[in-house]
Amino acid sequence: MKLLIFVTGRGIGGDAVTAYNISKTLKDENISSKVVLDPSAPGYYFKKRNIEWLKSPIPAAGGHAASKSRLMKAGLKTVKAVLDGRKLIKKEKADGVIGVIGGGAVIGCLSAKLAGVPSVGVVATPTDTKISLKLNPTLLLPESPSFTNKSLSSKYEVQHQYSPIKNDIITGNKEKILDKLPEKFNPDHKSVLFASGSTLFDDMAKAARKYAEENDDVNIFVIGAPLHDGINDILDHPNIINLGYINYIKDLYDLIDLAIITDDGLTLHETIACNLPVVVVIGVKYGRYHGLSKVFDGAVIESHIDDISENVNKALENKDEMKKATHKYSNEILNSSAHLVNFVKKHIKEDN
């Protein structure tokens, strides 16, 4: 069986990692797959792993932050993109399609319908959720506004699904990175991590700066490639250990006591799988808000930048109780890739 995985975005961050984790689990089940990205996507995540990908238009509307005008502009591009997607499915003689988040789910699933092959939508935004529920079996990720709705209306099967992560994320060893850390790291202090994914956004940097100005007895790590050069100026503070874009995240997870991250995506799933308490900073990515503290009750505290010190220190004080709460979710998160692929196998079969 051969599947195409249509992926929104630039092939750099969370959506690309989700697609990669799906393809890796499919391979373990002897199912071949190829990733499809928009022609403009640099695909660095796949490139550095020597993974080739296919190209077909996948217009983006802005995901959770999509405005009506952006949705309309993306809609105008959708017809051609779907026709191109259908052509690619036929050319590759694919047995089915997995549409991953946003434009990847919308274009992938519509193209599959037009090509006459089965598809599964992996959805996280209002638009992709609505379309996938009408077209095909759907996997709802926690960011989807319908995730907490247990009585959805769809003629297809719907499964509530944690994001698929790499299970080796829990195998980190802090001893491997201690000699990489600058002298300002104090092993006798508690350690926290500020991150907004592979890219570091302004508001996460501002949250780290504010916390650093008000707390000098905590190791404050910040990771991610800055969205623009000015972010490094925000992080220029004696109390901040700015590590930039790193490739030893699982070892860092083993070192820290608490993660301060965004209210979405794989990083939240990774940290909870590692039994790390979490503070989510609201609205960092274009004002998005998913309410995931309700999904991961007891393991996550919400915060705005203005009250970041109060909430981070509250989480550190209640670290043990919050850590106990993470255990309720960690095993299910670690099994998420297997659950996802079993769902795909159930609904996409060779010679369907």
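This one's a predicted model, so the numbers in the text were calculated from it and none came from an experiment.
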Mind listing the side-chain donor-acceptor pairs of residues 178-186 below 3.5 Å, one per line with the distance, residues two or more places apart or on another chain?
residue : atom : partner : partner atom : Å
K184    : NZ   : P238    : O            : 3.3
K184    : NZ   : I240    : O            : 3.0
N186    : OD1  : D188    : N            : 2.9
N186    : ND2  : H189    : NE2          : 3.4

If you take all heavy atoms of [X] and [Y], which pair is closest and at what distance?
| X | Y | result |
| --- | --- | --- |
| N21 | K166 | OD1-CG, 3.0 Å |
| K345 | K349 | O-CG, 3.5 Å |
| A315 | V279 | CB-CG2, 3.7 Å |
| V100 | T18 | CG1-CG2, 4.0 Å |
| P142 | Q161 | CD-O, 3.2 Å |
| P145 | A124 | CD-O, 4.3 Å |

| task | May I ask you to check whether over 12 heavy atoms, not counting those of K130, lie within 6.0 Å of atom NZ? | result |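 Counting other residues, nucleotides and ligands, NZ of K130 stays at 12 neighbours or fewer.
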| query | Would you find more than 12 non-hydrogen atoms of other residues, nucleotides or ligands less than 6.0 Å from D217 atom CG? | reply |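 It does: D217 CG has more than 12 such atoms within range.
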Is any side-chain heavy atom of [X] less than 4.5 Å from a side-chain heavy atom of [Y]?
| X | Y | value |
| --- | --- | --- |
| V82 | V79 | no |
| I308 | V281 | yes |
| Y253 | L193 | yes |
| L252 | F221 | yes |
| I256 | N219 | no |
| I89 | K87 | no |
| L258 | K319 | no |
| D233 | I231 | no |

Does either side chain, that of [X] or that of [Y], offer a donor lying less than 3.5 Å from an acceptor on the other one?
| X | Y | answer |
| --- | --- | --- |
| H237 | N242 | no |
| N136 | S119 | yes |
| S56 | D38 | no |

| query | Backbone N or O of T199 within a donor-acceptor pair of the S196 side chain at under 3.5 Å? | reply |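 Here the side-chain-to-backbone pair exists.
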| query | Quick one: does S154's side chain have a donor or acceptor within less than 3.5 Å of a partner on L133's backbone? | reply |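 Yes: the side chain of S154 pairs with the backbone of L133.
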| message | For S144, run the side-chain hydrogen bond (donor to acceptor under 3.5 Å, both in side chains) check against T129, D128, T138 and tell me which one passes. | response |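 Testing S144 for a side-chain hydrogen bond (donor to acceptor under 3.5 Å, both in side chains) against T129, D128, T138 leaves exactly one candidate, T129.
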Using 30° and 60° as the class limits, which term best fits the ring planes of [X] and [Y]: parallel, tilted or perpendicular?
| X | Y | answer |
| --- | --- | --- |
| Y211 | F194 | tilted |
| F296 | H269 | perpendicular |
| F46 | W53 | tilted |

| NZ on K346 to CD1 on I348, rounded to 0.5 Å |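 Output value for this atom pair is 13.0 Å.
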| message | Walk me through whether E317 and K314 qualify under salt bridge (charged side-chain N to carboxylate O under 4.0 Å, His left out). | response | CA-CA 5 Å; E317 290 169 10; K314 175 183 174 183; over 6 Å; no
| message | Centre-to-centre under 6.0 Å for H339 and F343, is that the case here? | response |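 Centroid distance H339-F343: not below 6.0 Å, so no.
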| message | Could you work out, with side-chain hydrogen bond (donor to acceptor under 3.5 Å, both in side chains) as the rule, every residue matching T326, not counting sequence neighbours? | response |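 In terms of side-chain hydrogen bond (donor to acceptor under 3.5 Å, both in side chains), with neighbours along the sequence ignored, T326 is linked to N275.
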